Amino acid sequence: DQTIKIHYPVLLFSTVIFGCVLYYFNSISQNFGILFLLLLFFFCYFLIYNSRKYNIKEESDGIIFQQHKDGMFKTVFFLLAGIFLLKYGADSLVRGAVLIAEDLGVSDKVIAVTIIAIGTSIPELATSIVAALKKEENLAFGNLIGSNIFNILAVLGVSSIVKNILVKDVTILNFDYMAMLIITLVIGCFIYFFSKKVISSIEGSVLLIIYILYIIFTLN
């Protein structure tokens, strides 16, 4: 329910704001970086506030949450260990893939939108697959939407504060960003109009085909 009312609308809003900044200013300046981080801060604050409010309501209704068998220290340890291992594996994959791509004479843009993008998304992919197999659909879908929001607001926000990000390749605006926006809108159609509240296997296949077509056009 939160995905429909909060998470996806914030993702769409972030995507549109990102595109407007690129089209009108052809760069992401330090000021826009600060704006992105402020938007992320308010989004996270709202999520935490809303979650606490929901938990209080559940407790008042007599719903008691089951205590986890593992202690807090053990849980935090495994969480941090998992994050470290995922990052190390993704970094190793990207490093090796970039070296191979450069030996083949592939451009930096192609490396960025294919190998690096896939490599840095492997942690989200692994987490979502495990969550889906364990019937934690909210975690699986929320992880993907949350990571995209974080990439736009936090990654670009922090990067642009360190150094202004200039868009030198016009195809990033005319093709890559438009592909990003279209995929975001397609996901919204799946959520609100087609199967509603779920992403079916057929719709997942459609998204995968769209991405494969995007890669093919990028390489050509």
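Since we're looking at a predicted model, the values are computed, not measured. This chain uses plain numbering: 1 for the first residue, then up along the sequence.
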**Student:** Applying side-chain contact (heavy atoms from CB on, under 4.5 Å) between M180 and each of I152, N148, L185, report the one that passes.
**Tutor:** I152
**Student:** Using a cut-off of 6.0 Å, state whether more than 12 heavy atoms not belonging to F150 lie near its atom CZ.
**Tutor:** no
**Student:** Less than 4.5 Å apart, side chain to side chain, heavy atoms only: is that true for I187 and L207?
**Tutor:** yes
**Student:** What's the separation between atom OH in Y8 and atom OG1 in T184, rounded to the nearest 0.5 Å?
**Tutor:** 6.0 Å
**Student:** What heavy-atom pair brings M178 and Y23 nearest, and what distance separates the two atoms?
**Tutor:** SD-OH, 3.6 Å
**Student:** Taking the side chain as everything from C-beta on, heavy atoms only, tell me whether I28 gets closer than 4.5 Å to N164.
**Tutor:** no
**Student:** Once you round to the nearest 0.5 Å, how far does OG of S29 lie from NZ of K163?
**Tutor:** 13.0 Å
**Student:** Cluster question for you: counting only ILVMFWY and a side-chain heavy-atom cut-off of under 4.5 Å, with indirect links fine, are Y192 and I182 together?
**Tutor:** yes
**Student:** For the atom pair CD1 (I210) and CD1 (I215), what is the distance rounded to the nearest 0.5 Å?
**Tutor:** 13.0 Å
**Student:** Check whether any side-chain heavy atom of F46 lies under 4.5 Å from a side-chain heavy atom of V10, and answer yes or no.
**Tutor:** no
**Student:** Looking at every non-hydrogen atom in both residues, tell me the closest pair between S160 and G33 and how far apart they are.
**Tutor:** OG-CA, 3.0 Å
**Student:** CG/N26 to CG/L173 distance, rounded to the nearest 0.5 angstrom?
**Tutor:** 6.0 Å
**Student:** Looking only at heavy atoms, which two atoms of H7 and I149 are closest? And how far apart?
**Tutor:** O-CD1, 3.7 Å
**Student:** Test of understanding: clusters of I, L, V, M, F, W, Y form through side-chain heavy atoms closer than 4.5 Å, transitively. Do F42 and Y49 belong to the same one?
**Tutor:** no
**Student:** Does the ring center of F36 lie less than 6.0 Å from the ring center of F18?
**Tutor:** no
**Student:** Can I165 and S159 be said to form a side chain to side chain contact (heavy atoms under 4.5 Å, CB included), step by step?
**Tutor:** CA-CA 8 Å; I165 301 175; S159 300; 3.8 Å; yes
**Student:** If I compare all heavy atoms of T15 with all of Y177, which pair ends up nearest, and what's the gap?
**Tutor:** O-OH, 2.7 Å
**Student:** Hey, does S27 have a side-chain heavy atom less than 4.5 Å from the side chain of V167?
**Tutor:** no
**Student:** Give, for atom CZ of F32 and atom CG of L22, the distance between the pair rounded to the nearest 0.5 Å.
**Tutor:** 10.0 Å
**Student:** Indicate the ring-plane relationship of Y45 and F41, choosing parallel, tilted or perpendicular according to the 30° and 60° boundaries.
**Tutor:** parallel
**Student:** Any link between I161 and L39 through a network of hydrophobic side chains (Ile, Leu, Val, Met, Phe, Trp, Tyr) touching at under 4.5 Å?
**Tutor:** no
**Student:** Can you measure from CG (L40) to CG (L156) and round to the nearest 0.5 angstrom?
**Tutor:** 11.5 Å
**Student:** F13, L35: one ILVMFWY side-chain cluster at the under-4.5 Å cut-off?
**Tutor:** yes
**Student:** Using a 4.5 Å cut-off on heavy atoms from C-beta on, say whether the side chain of L37 contacts that of L153.
**Tutor:** no
**Student:** Are the side chain of Y214 and the backbone N or O of A179 linked by a donor-acceptor pair below 3.5 Å?
**Tutor:** no
**Student:** Can you hop from L166 to V162 via hydrophobic side chains spaced under 4.5 Å?
**Tutor:** no
**Student:** More than 12 heavy atoms of other residues, nucleotides or ligands under 6.0 Å from CG of L80: is that the case?
**Tutor:** yes
